4 protein chains.
Amino acid sequence: MAAVARTTTDGDGTPVPQRLLAAATRLFAEQGYDRTSVQEIVEAAGVTKGALYHYFGSKDDLLHEVYARVLRLQQERLDAFADGSEPIEQRLRGAAADVVVTTIENLDDASIFFRSMHHLSPEKNKQVRAERRRYHERFRALIEEGQKAGVFSTETPADLVVDYHFGSVHHLSTWYRPDGPLTPQQLADQLADLLLRALRP
Amino acid sequence: MAAVARTTTDGDGTPVPQRLLAAATRLFAEQGYDRTSVQEIVEAAGVTKGALYHYFGSKDDLLHEVYARVLRLQQERLDAFADGSEPIEQRLRGAAADVVVTTIENLDDASIFFRSMHHLSPEKNKQVRAERRRYHERFRALIEEGQKAGVFSTETPADLVVDYHFGSVHHLSTWYRPDGPLTPQQLADQLADLLLRALRP
Amino acid sequence: MAAVARTTTDGDGTPVPQRLLAAATRLFAEQGYDRTSVQEIVEAAGVTKGALYHYFGSKDDLLHEVYARVLRLQQERLDAFADGSEPIEQRLRGAAADVVVTTIENLDDASIFFRSMHHLSPEKNKQVRAERRRYHERFRALIEEGQKAGVFSTETPADLVVDYHFGSVHHLSTWYRPDGPLTPQQLADQLADLLLRALRP
Amino acid sequence: MAAVARTTTDGDGTPVPQRLLAAATRLFAEQGYDRTSVQEIVEAAGVTKGALYHYFGSKDDLLHEVYARVLRLQQERLDAFADGSEPIEQRLRGAAADVVVTTIENLDDASIFFRSMHHLSPEKNKQVRAERRRYHERFRALIEEGQKAGVFSTETPADLVVDYHFGSVHHLSTWYRPDGPLTPQQLADQLADLLLRALRP
DNA sequence: GATGAATGAGTTTTCATTCAT
DNA sequence: TATGAATGAAAACTCATTCAT
């Protein structure tokens with residue numbers, strides 16, 4: 001058919017694997033993993049089933065890729081905030097707000113994340129959980145740093161605070177409305193503020 | 001084969017519909033709605049497919065019943081707290097902690113709730129969302145009452161606070177560990193405390 | 001399992017499982033196991049795929065049933081001959097000829113047997129081999145009985161003789177021609193004669 | 001990428017077609033023709049699919065080559081024995097034993113032969129059968145020569161004797177155990193002996 | 001000579017639901 | 001009330017083969 005350099009792109013010029021991943025992400029978010037058939041994905045991506053299985057070992061693999069991408073992104077951003085030189089309070093506030101903004105910017109990935117994790121094969125599930133844990137621990141370390149410095153209350157254990165905050169963030173795809181009164185950044189600031197206020201000594 | 005003559009119970013004495021509902025709840029929570037076949041449900045309940053379709057119109061109906069049950073329960077408990085005569089601070093703290101405890105006590109229902117909602121048919125989905133909204137609004141009213149009374153900070157809009165708290169609660173099935181260091185009640189108190197501290201003026 | 005009455009028959013009055021088994025046997029023999037699709041089987045049997053999977057767990061199961069049937073049949077016939085009261089020479093000759101006749105009468109089963117065994121799942125393969133071994137051992141016992149009695153030569157180990165004879169018999173489906181000059185019984189007598197002559201002291 | 005310039009070998013120095021044939025033979029014997037994918041073959045041979053289709057027209061072609069090789073080999077060896085100058089009894093015994101030894105030495109080819117013949121396309125199947133017939137006829141001629149000379153019994157038609165012997169030989173891959181008590185040559189001698197004893201007048 | 005991305009028809013299997021009994 | 005045989009549509013995945021490079 002249409003051929004550009006190594007027929008890996010076609011039509012809009014986006015490489016086939018990316019096209020597949022984008023289509024899968026959207027459909028998984030809209031309908032759920034189980035309700036989305038491989039046939040729908042390849043049709044949405046404009047390729048055939050054979051092509052999909054040329055690049056991905058299974059439907060499950062596709063889901064895993066979605067996870068890997070969002071995990072990588074969020075870890076990078078958290079690291080950037082955590083490694084900053086501002087006072088701990090500002091760094092935590094920045095990170096807490098940022099995860100809200102990027103979650104909203106990638107709401108599809110987020111809704112897949114918290115709804116479809118159990119569809120991953122056991123090994124992949126384990127792998128994702130491990131990366132997720134690493135992320136949480138980095139965040140917890142920030143809180144503990146503040147607690148040791150006496151800036152944050154020690155009344156609630158740091159890991160509970162982390163679970164509390166991320167529980168809400170993961171649920172954003174359920175309750176966030178793009179047409180709401182707040183911009184993503186404003187919403188993020190509100191939630192970060194809520195967190196910081198709860199941590200006041 | 002076995003003649004039962006005019007009774008819907010059998011074996012352990014529990015009525016068939018309840019047995020079906022209990023089996024479905026457990027399996028939906030363990031494997032997800034789509035991954036659970038009607039065959040598995042009837043086998044777990046010790047009845048036949050015909051029996052299931054005698055009591056429930058469809059597999060979807062079964063899911064809806066699970067929702068209806070948990071919604072009814074939580075609304076009742078919230079109403080009880082909200083209608084109390086204690087000061088607003090105590091009533092909110094009680095309700096916020098109670099929803100954590102009952103969520104942990106019905107963790108299967110909870111995990112089905114936040115993971116399988118999109119499997120409901122559009123009408124049922126709408127119905128569930130409506131009841132859910134009613135629940136949230138009652139909770140929000142508590143917060144607003146406290147804000148008007150000057151006991152809670154008004155910096156964060158009440159509905160945002162509600163979403164923040166329930167986001168975490170709905171996610172409990174993801175991060176709650178029965179073998180953790182805290183009892184359900186202790187955990188509930190911690191989370192309620194976190195909420196209340198965030199609301200300090 | 002085996003159920004007549006009920007709607008298990010249809011059209012020609014033969015129960016559905018039998019119809020499926022007959023169709024599968026013919027097709028496996030004609031085309032091989034791998035070359036025969038489940039679709040072809042159900043079409044030949046005049047039922048739907050769902051019906052096949054209602055009675056058989058898998059395509060593999062169908063193959064196993066074919067084996068089980070022929071193994072059962074042959075073991076019964078061998079036992080009948082071996083348990084006879086004639087002199088050992090006559091009993092061996094009778095058994096050796098009979099297995100040829102019944103193999104010709106069930107040539108489809110036979111060709112499936114020696115060509116498709118490796119398609120069985122490991123456990124089923126093991127099971128079939130075990131039954132097969134039992135059959136061979138019974139036959140070998142006859143030869144050894146004659147050797148001990150001094151009627152048969154002891155120059156060739158009995159198990160080798162068994163393998164030699166059954167090798168040929170299993171290959172009948174390759175070289176037997178229904179339109180050849182000999183009737184099945186005549187052919188069987190010739191082969192039994194060949195075996196007995198090789199065993200002359 | 002890697003420029004190889006005018007040589008069909010690579011790595012271990014064996015030409016690509018041979019490498020493919022060897023890999024295919026092993027895999028066909030282990031898993032059967034249908035269960036072996038072209039992908040597996042090229043991976044085992046360390047080449048790509050394009051290379052395979054460069055040398056062979058189809059997967060079927062590969063199977064045919066396996067047959068051609070073994071047929072050629074066996075015909076040559078039979079001819080050598082038949083053309084000898086020893087007495088007919090010795091020549092038949094030699095040929096009968098030799099086919100057992102070479103079959104054991106090429107057990108993979110043998111098991112493919114008797115199990116996968118029906119996978120060949122009709123023309124190739126016809127061709128193979130024709131060569132096979134030629135082989136059988138040469139063997140039969142030896143028996144008839146002995147019968148005319150009065151050295152072998154004429155009670156059993158020569159072609160039946162041929163089928164009887166080769167039936168067993170073709171089945172060797174089913175019952176031969178490399179760790180059995182007999183060496184290939186000893187086993188071959190035993191079977192040849194069995195044949196010759198059956199032919200005693 | 002050789003690559004490997006892409007095809008498309010094919011495979012086995014699953015499953016919610018119906019209905020005659 | 002309850003059964004379970006049967007349906008039929010859809011699912012995920014495989015694979016021999018082609019062809020632009």
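Throughout, protein chains are lettered first and strands after them, A, B, ... in sequence-line order, and every chain is numbered starting at 1. Since the structure is predicted, the reported quantities are computational estimates derived from the model, not experimental observations.
Atom CG of D:L20 and atom C1' of E:dA2 are 12 Å apart (whole Å). Atom CZ in B:F56 sits about 16 Å away from atom P in E:dT18, given to the nearest Å. Summarising the geometry, the separation between NE2 on C:H54 and P on F:dG8 is reported as 15 Å, rounded to the nearest angstrom. At whole-Å resolution of the value, OH in B:Y55 and C1' in E:dT17 are 19 Å apart. In this entry the distance linking NE2 of B:H119 with P of E:dA16 reads 12 Å, nearest Å. Between the CG atom of A:L52 and the P atom of F:dA11 there is a distance of 14 Å, given to the nearest Å. Distance, D:L62 CG to F:dA16 C1': 12 Å, rounded to whole Å.
Annotation: side chain to side chain donor-acceptor pair (under 3.5 Å) contacts of A:Q18 (sequence neighbours excluded): none. Partners of B:A68 by side chain to side chain contact (heavy atoms under 4.5 Å, CB included), not counting sequence neighbours, listed by chain and number: B:R72. With sequence neighbours excluded, no residue satisfies side chain to side chain donor-acceptor pair (under 3.5 Å) with D:S173. In this structure, the side chain to side chain donor-acceptor pair (under 3.5 Å) partners of D:K124, at least two apart in sequence or on a different chain, are D:D60, D:D61. For D:T48, the side chain to side chain contact (heavy atoms under 4.5 Å, CB included) partners are D:A51, not counting sequence neighbours. A search for side chain to side chain donor-acceptor pair (under 3.5 Å) contacts involving B:E131 returns nothing, not counting sequence neighbours. Annotation: salt bridge (charged side-chain N to carboxylate O under 4.0 Å, His left out) contacts of A:D109 (sequence neighbours excluded): A:R69.
When distances run from any side-chain atom of B:Y53 to the nucleotides F:dT3, E:dT18, F:dA5, the shortest one goes to E:dT18. The side chain of A:T48 has E:dG8 as its nearest neighbour among E:dA5, F:dT17, E:dG8.
Place C:A51 and D:D60 on DNA chain F by their nearest nucleotides, and C:A51 ends up nearer the 5' end. Taking for each of C:G57 and D:V47 the nucleotide of DNA chain E with the nearest heavy atom, the 5'-most of the two is the partner of D:V47.
Because its NZ or CZ atom is both nearer than 6.0 Å to the ring centre of D:Y33 and within 45° of the ring axis, D:K59 counts as a cation-pi partner of that residue.
Below the 3.5 angstrom threshold, one finds no donor paired with an acceptor across the side chain of C:K59 and the base of E:dT13. The base of E:dT17 sits with one of its N or O atoms less than 3.5 Å from a complementary donor or acceptor on the side chain of B:K49.
Less than 4.0 Å separates DNA chain E from at least one heavy atom of each of the following residues of residues 27-41 of chain C: C:T36, C:S37, C:V38.
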Given Watson-Crick or G-U pairs with both distances under 3.5 Å, what dot-bracket string fits DNA chain F, with | for other-strand pairs and [ ] for crossing?
.||||||||||||||||||||

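Relative orientation of the B:Y67 and B:F113 rings is perpendicular, given thresholds of 30° and 60° on the angle between their planes.
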